[in-house]
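For reference, the structure is listed below as structure tokens.
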Amino acid sequence: MCGIVGYAGASSSVADHGALDVLIEGLRRLEYRGYDSAGVAVVADGAIHSRKKAGKLVNLENVIAEEPLPQSYTGIGHTRWATHGGPSDSNAHPHLADGGKLAMIHNGIIENFAGIKAQLVSEGAEFLSDTDTEVAAELLGKMYGEANGDLTLAMQLAVKHLEGAFTLLAVHQDHPGLVVAARRNSPLVLGLGDGENFLGSDVSGFIDFTRRAVELGQDQIVTITPDTHTITDFDGNPAEGKEFTVDWDAASAEKGGFPSFMEKEIFDQPAAVADTLLGRSDADGRLTLDELRIDAEELTKISKIVVLACGTSAYAGSVAKYAIESWCRIPVEVELSHEFRYREPIVDENTLIVSISQSGETMDTLMAVRYAKEQGAKTMSICNTNGSTIPRESDAVLYTHAGPEIAVASTKAFLAQITATYLLGLYLAQLRGNLFQGQIKDILADLGKIPSKIQDILDRSDEIKELARSMADASSVLFLGRHVGYPVAMEGALKLKEIAYIHAEGFAAGELKHGPIALIDDGQPVFVVVPSPRGRDSLHSKVVSNIQEVRARGAKTLVIAEDGDDSVKDFSEWVFYVPETPTLLMPLLATVPLQIFACELASAKGFDVDQPRNLAKSVTVE
Ligand code: M6R
């Protein structure tokens with residue numbers, strides 16, 4: 001959570017960017033990470049100048065308009081998702097220390113802040129906020145004295161006292177043109193410019209200015225000036241980062257004429273799936289997944305796959321279970337990362353851990369991956385964010401190519417993740433000989449047709465939007481699905497909860513009579529995801545029976561069915577047909593109407609669908 005940006009430039013640099021412009025632009029891009037408050041600090045005229053304000057970035061911009069900042073080329077900026085201390089002006093970052101000469105921003109949680117605070121208070125320190133960050137700032141101020149005014153050395157001394165997760169950025173009035181940062185268990189990426197350097201929670205923090213980026217490792221300190229960057233470990237030993245070029249540009253992170261990022265990202269989905277498939281198989285359907293750094297021989301020995309993920313990414317994992325078990329005959333367990341980590345799970349060197357994370361920074365998933373590695377498991381990451389921590393720490397990575405996902409509610413990353421898990425399943429089936437090459441080729445051909453089928457659904461989105469607007473007053477919506485339709489139902493419910501704040505539950509349709517059917521009352525809206533009638537017949541007929549059962553008890557039945565499935569018409573208030581596709585691939589189509597429904601309903605209620613209350617895009621604290 002929290003978005004962080006740092007800038008060191010100069011009036012003489014080619015670009016001649018002012019720090020405030022860079023910081024505000026970076027914060028605008030990073031606001032999806034947290035939007036409880038925002039603040040900036042710049043170094044100018046031998047002093048620190050800071051502005052901060054509770055609420056969204058626009059509130060900070062209003063404050064700066066009323067009380068302008070002096071021209072500066074060095075600064076730090078922060079957008080917050082509150083952990084210690086509520087969202088208020090005083091708890092907003094930056095926090096000042098050393099008599100106002102030093103400013104600090106922070107992402108993460110400093111677990112031992114209370115003890116440090118007590119010690120500093122006993123030494124005469126006074127605190128203006130309830131945050132752990134102000135404690136770290138005060139500690140850095142104290143170390144600055146011990147380091148004889150060397151801000152980088154002071155940071156090295158300070159971080160030795162800190163436990164937990166943190167990315168810290170600091171500037172000092174005595175060091176114009178210099179920003180120091182430290183990271184442990186929280187994200188930070190370096191951006192390289194021409195006569196200017198940048199720091200960001202992720203590359204979107206500086207994508208308007210450069211696409212040259214450097215991945216930073218765990219427990220590293222980086223100091224930037226306009227012309228230099230120096231990376232060390234916490235003891236000051238030289239360390240290296242890994243440079244990469246960001247494969248998308250600032251325009252990809254714009255709304256492109258759509259009213260919200262979420263809607264734009266829903267409409268990006270044909271490209272997200274197509275790009276994730278691109279270049280990964282030859283004309284004969286032979287797959288080559290070249291970011292897989294695990295020996296093919298080792299992969300053939302795998303006896304179990306455990307998928308670790310949270311939220312929407314975990315539902316992508318649930319879809320993967322059906323496909324990979326069917327194609328590869330390997331048992332697949334899907335577990336929420338935070339549950340896995342704390343229950344002494346049984347994994348060994350024949351276990352393949354597949355973590356799925358859009359951001360690559362979700363702390364619960366990162367910790368679970370680290371734990372599994374310690375137990376000897378092989379780890380593979382399916383991730384959408386180059387330069388992020390989880391792929392960097394995994395033995396192998398399969399990148400999804402969905403492009404930047406800005407809206408807090410995940411949409412295109414979900415479809416790209418499912419696509420990547422299919423590629424993984426087919427690759428394993430190819431290696432292990434579970435499927436004939438011709439079968440793999442046929443499935444890949446079906447996958448290749450998915451983008452145009454998604455486009456067909458998007459072209460008919462008005463039908464779904466109309467339904468959504470008519471249901472803006474609904475207080476509860478249920479979702480039923482079976483087989484791969486079950487995770488689709490769960491995802492449909494999550495989307496509605498997240499952005500429309502409506503009570504929504506997803507159920508396995510077969511579970512209905514074991515309890516949930518008691519919820520059905522007159523007029524209760526129930527979405528039902530119906531499997532293809534061309535697939536296993538029992539599956540289709542059982543779900544059609546479920547529609548009849550809830551309808552008989554007064555439910556308003558809203559059905560997602562396959563083109564040509566007339567059997568559902570008589571029992572549905574509303575039907576949306578998706579193009580024909582093999583059952584295992586169906587989630588790539590059936591999810592889309594549910595995303596459009598949630599987005600439109602939330603918009604009809606007047607909610608900010610991109611930045612829903614209480615949430616942040618990347619959950620970087622446990
Ligand atoms: O970045 P990740 O994929 O690891 O994030 C996992 C979840 O936090 C995320 O999917 C969350 O559930 C989304 N807000 C869902 O829309």
Side-chain angles (χ1 to χ4, degrees), residues 1 3 30 32-35 81 185-187 201-202 204 260-263 265-266 269 272 307-320 334-341 353-369 381-394 397-400 402-421 487-488 490-501 504 506 591-592 594-599 602 607-622:
M1 341 287 243
L30 291 172
Y32 70 90
R33 299 180 68 91
Y35 29 84
W81 187 88
N185 293 334
S186 266
S201 297
D202 62 49
S204 50
S260 63
F261 279 111
M262 183 177 177
E263 188 165 345
E265 287 160 7
I266 290 171
Q269 293 184 116
V307 178
L308 298 177
C310 300
T312 289
S313 300
Y315 297 140
S318 300
V319 173
V334 184
E335 190 155 3
L336 294 169
S337 311
H338 34 89
E339 288 297 316
F340 172 86
R341 169 73 183 82
I353 297 289
V354 177
S355 66
I356 306 181
S357 175
Q358 188 286 130
S359 61
E361 299 293 351
T362 298
M363 183 61 80
D364 293 311
T365 303
L366 174 61
M367 289 304 175
V369 168
S381 152
I382 291 180
C383 184
N384 196 43
T385 312
N386 209 315
S388 58
T389 307
I390 297 173
R392 208 187 48 247
E393 295 198 11
S394 299
V397 53
L398 185 50
Y399 279 111
T400 49
E405 191 178 68
I406 311 292
V408 165
S410 186
T411 54
K412 63 176 178 174
F414 179 62
L415 262 56
Q417 288 166 343
I418 293 174
T419 306
T421 65
V488 172
M490 299 295 285
E491 173 61 6
L494 178 61
K495 287 287 89 79
L496 204 56
K497 285 182 231 193
E498 276 190 297
I499 59 169
Y501 319 140
T591 308
V592 179
L594 303 181
Q595 296 168 333
I596 297 169
F597 175 79
C599 184
F607 296 144
D608 181 343
V609 298
D610 290 334
Q611 296 181 342
R613 70 184 180 202
N614 303 338
L615 291 174
K617 181 78 180 156
S618 306
V619 182
T620 55
V621 291
E622 272 190 277

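One-based numbering, in listed order, for ligands and for the atoms of each. Note that the coordinates shown come from a computational prediction; the quantities given were computed from them, not determined experimentally.
- With no hydrogens or angles considered, no side-chain donor-acceptor pair links Gln269 and Thr411 at under 3.5 Å.
- Contact of the Ser388 side chain with the Cys383 side chain is registered, since non-hydrogen atoms from C-beta on lie closer than 4.5 Å.
- Ser260 and Cys599 get closest at one heavy-atom pair: OG-SG, 4.1 Å.
- In the model, Ser313 has no side-chain atom that pairs as donor or acceptor with a side-chain atom of Gln358 under 3.5 Å.
- For the pair Glu265 and Lys412, the tightest heavy-atom approach, listed with the atom from each and the gap, is O-CB, 3.5 Å.
- Taking any N or O of Gly311, backbone or side chain, none lies under 3.5 Å from an N or O belonging to ligand 1.
- Ligand 1 places these atoms under 4.0 Å from at least one heavy atom of Ala409: 16 (O).
- Under 4.0 angstrom from ligand 1, there are no non-hydrogen atoms of Lys617.
- Partner of Ser355 under the side-chain contact (heavy atoms from CB on, under 4.5 Å) criterion, out of Cys310, Ser381, Pro391: Ser381 alone.
- Asp610 places a side-chain N or O within 3.5 Å of a backbone atom of Phe261 that can act as its donor or acceptor partner.
- The ligand atoms of ligand 1 that sit less than 4.0 angstrom from a heavy atom of Ser313 are 2 (P), 3 (O), 10 (O).
- Heavy-atom separations between Cys310 and ligand 1 include at least one value shorter than 4.0 Å.
- For atom 13 (C) of ligand 1, the closest non-hydrogen atom of the protein is Glu498 OE2, 3.4 Å.
- Residue Lys495 places a heavy atom less than 4.0 Å from ligand 1.
- Of all atoms in ligand 1, listed by their number and element, those nearer than 4.0 Å to a heavy atom of Ser357 are 1 (O), 2 (P), 3 (O), 4 (O).
- Not a single donor-acceptor pair under 3.5 Å links the side chain of Asn384 to the backbone N or O of Ala413.
- The closest protein non-hydrogen atom to atom 15 (C) of ligand 1 is Thr312 OG1, 3.0 Å.
- At the shortest separation from atom 1 (O) of ligand 1 among protein heavy atoms lies Ser359 OG, 2.7 Å.
- From the protein, the heavy atom lying nearest to atom 5 (O) of ligand 1 is Thr362 OG1, 3.5 Å.
- Looking at atom 8 (O) of ligand 1, its nearest protein heavy atom turns out to be Val619 CG2, 4.1 Å.
- Considering every non-hydrogen atom in both Arg33 and Asp202, the closest pair reads NH1-OD2, 3.2 Å.
- The closest approach between any non-hydrogen atom of Val408 and ligand 1 is below 4.0 Å.
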